[in-house]
Amino acid sequence: MAEKRALGVSSIMIGDIAVDGGVATTFASLGTIYKDTASIEQETGEEFVHEAEELDDPIEIVPTKGRTKISWGITDFTAATLVKVLGGTVSGVAPADIWQAPDTAQTIEKSVKVTSKNGTTFTYPRVSIKARVSYPLAKSGIAKVLIEGTVMQPTKTGTKSCEIDA
């Protein structure tokens, strides 16, 4: 069988988690992905090692999975996009609408789908989203929304936290 590879990134889209706790049924892009900001990283899991005084080797090792993190940056500062990843509210009507920051930290959970340039898709049914604005105030600066997501256990029974489809 031929090897399958995932090369580069074609799109990163988010969608509302299904009512039953499964993966979103529709996804949409938040905007253009800023160069060199996108990644998927799975942390190394921990091992709980149980040892006995009279033995040099462990008697039990209990592994845990490492967290999976997804990150990317966008340059779209429309109010509708900002509210999706930063929370808050929108007042007014586009193009004269205004994004207003939330007073307290918001819990934002979405389904995320990443598609590579050669068509491999990584689908995460439940991801906790955090975002922040990064704006270097320099001649060459551009304002970005840097988005970080942590993959979580889906609430729908039998749904896995990640599916990779080529």
Side-chain angles (χ1 to χ4, degrees), residues 4-43 66-157 159-166:
K4 295 181 180 180
R5 294 182 176 87
L7 303 170
V9 62
S10 175
S11 68
I12 300 175
M13 300 185 294
I14 67 169
D16 291 331
I17 297 170
V19 175
D20 67 358
V23 69
T25 55
T26 59
F27 289 88
S29 172
L30 291 171
T32 303
I33 302 164
Y34 195 77
K35 183 179 180 179
D36 296 333
T37 62
S39 71
I40 298 172
E41 291 287 333
Q42 186 173 11
E43 297 172 351
R67 290 187 181 119
T68 300
K69 304 246 182 188
I70 306 163
S71 60
W72 73 104
I74 60 173
T75 55
D76 181 3
F77 271 77
T78 57
T81 296
L82 294 176
V83 79
K84 288 177 186 176
V85 294
L86 292 167
T89 58
V90 176
S91 65
V93 179
D97 53 348
I98 297 171
W99 173 75
Q100 296 171 324
D103 292 331
T104 59
Q106 305 284 289
T107 299
I108 300 173
E109 292 183 5
K110 300 286 184 183
S111 291
V112 177
K113 183 179 282 191
V114 178
T115 305
S116 72
K117 289 200 179 278
N118 61 332
T120 302
T121 59
F122 296 72
T123 305
Y124 303 94
R126 184 176 178 217
V127 178
S128 175
I129 301 286
K130 290 184 183 178
R132 63 187 174 88
V133 173
S134 175
Y135 185 14
L137 298 173
K139 188 180 236 183
S140 62
I142 187 169
K144 296 178 285 297
V145 179
L146 300 177
I147 304 160
E148 296 179 0
T150 302
V151 175
M152 298 175 66
Q153 180 65 41
T155 58
K156 182 178 181 181
T157 303
T159 301
K160 301 299 182 187
S161 61
C162 174
E163 289 185 353
I164 301 174
D165 175 23

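Counting begins at 1 with the first residue of the sequence. The structure displayed is predicted, hence computed values, not measured ones.
- Sorted by first and then second residue, the pairs that involve residues 125-144 and meet side-chain hydrogen bond (donor to acceptor under 3.5 Å, both in side chains), not counting sequence neighbours, are Glu109-Arg126.
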- [ ] With side-chain contact (heavy atoms from CB on, under 4.5 Å) as the test, would you mind laying out the steps for Val145 and Leu82 before giving the verdict?
- [x] CA-CA 8 Å; Val145 179; Leu82 294 176; 3.7 Å; yes
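- Applying the side-chain contact (heavy atoms from CB on, under 4.5 Å) rule to Thr25 yields no partners; only residues at least two apart in sequence or on another chain are considered.
- Across all non-hydrogen atoms, the minimal contact from Ser161 to Pro125 is O-CD, 3.4 Å.
- In this structure, Ile33 CD1 and Ser10 OG are separated by 7.5 Å, a value rounded to the nearest 0.5 Å.
- Here the shortest heavy-atom pairing between Gly22 and Thr159 reads CA-OG1, 4.5 Å.
- For Ser11, the side-chain contact (heavy atoms from CB on, under 4.5 Å) criterion is met by Met13, Thr115, not counting sequence neighbours.
- For the pair Lys69 and Glu148, the minimum side-chain heavy-atom distance is 4.5 Å or more.
- Side-chain contact between Ile12 and Val112 is present, with at least one heavy-atom pair separated by less than 4.5 Å.
- Residues passing the side-chain hydrogen bond (donor to acceptor under 3.5 Å, both in side chains) test with Lys156 are Asp20, sequence neighbours excluded.
- Nearest heavy atoms, Ile164 versus Cys162: CG1-SG, 3.9 Å.
- Contact detail for Ala24 and Ser111: the closest heavy-atom pair is N-OG, 3.0 Å.
- Looking at residues two or more places apart in sequence or on another chain, you find no side-chain hydrogen bond (donor to acceptor under 3.5 Å, both in side chains) involving Gln153.
- A search for side-chain hydrogen bond (donor to acceptor under 3.5 Å, both in side chains) contacts involving Ser71 returns Ser39, not counting sequence neighbours.
- Enclosure of atom CG in Leu7 by more than 12 non-hydrogen atoms of other residues, nucleotides or ligands within 6.0 angstrom is indicated.
- In this structure, OH in Tyr124 is found 12.0 Å from OG1 in Thr150, a value given to the nearest 0.5 Å.
- Checked against side-chain contact (heavy atoms from CB on, under 4.5 Å), Ser116 has the following partners two or more places apart in sequence or in another chain: Ala6, Asn118, Thr120.
- Pairs of residues two or more places apart, or lying in two chains, that qualify as salt bridge (Lys or Arg N to Asp or Glu O under 4.0 Å) and include a residue from residues 6-19 are Asp16-Lys110.
- Within the structure, every pair that satisfies the side-chain hydrogen bond (donor to acceptor under 3.5 Å, both in side chains) test and touches residues 97-108, not counting sequence neighbours, is listed here: Thr89-Gln100.
- No side-chain heavy atom of Trp72 sits under 4.5 Å from any side-chain heavy atom of Val114.
- Proximity of Ile14 to Val127: side-chain heavy atoms (C-beta onward) are nowhere separated by under 4.5 Å.
- Contact of the Ile74 side chain with the Ile147 side chain is registered, since non-hydrogen atoms from C-beta on lie closer than 4.5 Å.
- Annotation: side chain of Val151 is not in contact with side chain of Phe122 (no heavy-atom distance under 4.5 Å).
- When the side-chain hydrogen bond (donor to acceptor under 3.5 Å, both in side chains) test is applied to Asp76, the partners found at least two apart in sequence or on another chain are Thr78, Thr81.
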